[in-house]
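Written out below as structure tokens is the structure these notes cover.
Whatever order the structure lists ligands and atoms in, that order sets their numbers, starting from 1. Heavy-atom basis, side chains included; hydrogens, waters and symmetry copies ignored. Since we're looking at a predicted model, the values are computed, not measured.
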Amino acid sequence: MKNHTPARVYVVIPCYNEEEALPITAKTMEKFFDDMIKDGLFAPDSRMLLVDDGSKDKTWSVISDLVSSSEKFEGLKLAHNAGHQNALWAGMNKAAENADAVISIDADLQDDINAMRGFMNEFYAGADIVYGVRSKRETDTVFKRMTAEMFYKGMAKMGVETVFNHADYRLISKRALSELLNFTEVNLFLRGMVPTLGYKTAKVYYERSERTAGESKYPLKKMLAFAVQGVTSFSVKPIRMIALLGFIFALAAVGIGVYALISLIAGRAVPGWTSTMLSIWLIGGVQLIALGLIGEYIGKIYTEVKRRPRFIVEEHLTHK
Ligand code: UDP
Ligand code: MG
């Protein structure tokens, strides 16, 4: 890990109504920055970029005071509450102008900042993306743990590649970030997008603690919306399921048909019952298959309009 010049790191912190947590966070982070600079892990001109995501409390005035107190802080104010993912994007986009690497972390410091040492070591060892992964969830409520578990497992089932127990605490190198910023979709789900980049990645494990102050800005409603966002902005599987359901119905129609005919022959059927039975199942199946077919095209349109880069070149070798 020796023989590297310290990288200019930007730590991007999205803040929404964080007037209570921010002063504590800023103090902890300032001290931490000094240590990291002293240990040669951060370049002295590294910065913290505090993104105010349209807070309704005094967050922005806290940020302005911090910026005047030390050159380590920079502030970016969004005009309206754009949501965590968009606030992060805004911060990373800004930081990309100067940073060699960007680390994103929440304002409540639930994620262990010391894991950043591991991030930097992996970065200097050649990783372009380093995921912070929670090793335990003991401080979360049972409910949060269970829903989170369902979230990651469900995502995987839906074909969205995510890193288990990794949220948005990660390091991303300059070149990986500039590729990520080429993604033009507006419905962001960074946890799904970053793994599609490729490059050399690494994981650093840490224990997650409780919020320093204030309360969660992610109530159940937002969590559910986030999960739906994750699936619908990544996967066409739900649409495919319609077609699958159609085939199942059509198959069932054959079975029901045999049963109805047998009943008819055995003389157990009321007149009209057989034909009604058959048509309901057959038409139901055909309709679902037709819907699924339309869905296939909608799925195509949907992946097409995202205009994601088709590929990312990592290296090009020529003989010298
Ligand atoms: N946040 C944001 N915009 C929002 C909601 C949250 O920028 O609309 C920020 C918030 O300030 C924090 C981070 O996103 O830095 C994560 O939020 P929180 O800690 O409340 O989520 P939890 O850890 O409870 O899932
Ligand atoms: Mg939190």
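In summary, the atoms of ligand 1 found under 4.0 Å from a heavy atom of Asn81, numbered by their order in the structure, are 3 (N), 4 (C), 8 (O). Near Glu18, meaning under 4.0 Å from any of its heavy atoms, are these atoms of ligand 1: 10 (C), 11 (O), 12 (C), 15 (O).
Under a 4.0 Å heavy-atom criterion, Arg208 is in contact with ligand 1.
At a 4.0 Å heavy-atom cut-off, ligand 1 touches Cys15 through the backbone alone.
Nearest heavy atom pair, residue Asn17 against residue Ser55, reads N-OG, 2.8 Å. The minimum heavy-atom distance between Thr5 and Tyr124, with the atom names listed, is O-CE2, 3.8 Å.
The N/O atoms of Asp106, backbone and side chain alike, include none that comes under 3.5 Å of an N/O atom in ligand 1. Polar contact with ligand 1: present for Ala107 (N/O pair, distance under 3.5 Å).
Here Asp39 pairs with Arg117 in a salt bridge; the nearest charged N to carboxylate O distance falls below 4.0 Å. Salt-bridge check for Arg47 with Asp45: failed, with every basic side-chain N at 4.0 Å or more from each acidic carboxylate O. Between Arg8 and Asp100 there is no salt bridge, since none of the side-chain N atoms of the basic residue sits less than 4.0 Å from a carboxylate O of the acidic one.
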Exercise for review: Decide side-chain contact (heavy atoms from CB on, under 4.5 Å) for Glu18 and Val62; before the verdict, give the C-alpha distance in whole Å, the side-chain angles of both, and the deciding distance to 0.1 Å.
Suggested key: CA-CA 9 Å; Glu18 297 283 9; Val62 175; over 6 Å; no
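Shown here are the protein N/O/S atoms lying under 2.8 Å from the Mg ion (ligand 2), water excluded: Asp108 OD2, Gln110 OE1.
Aromatic ring centres of Phe119 and Tyr169 lie closer together than 6.0 Å.
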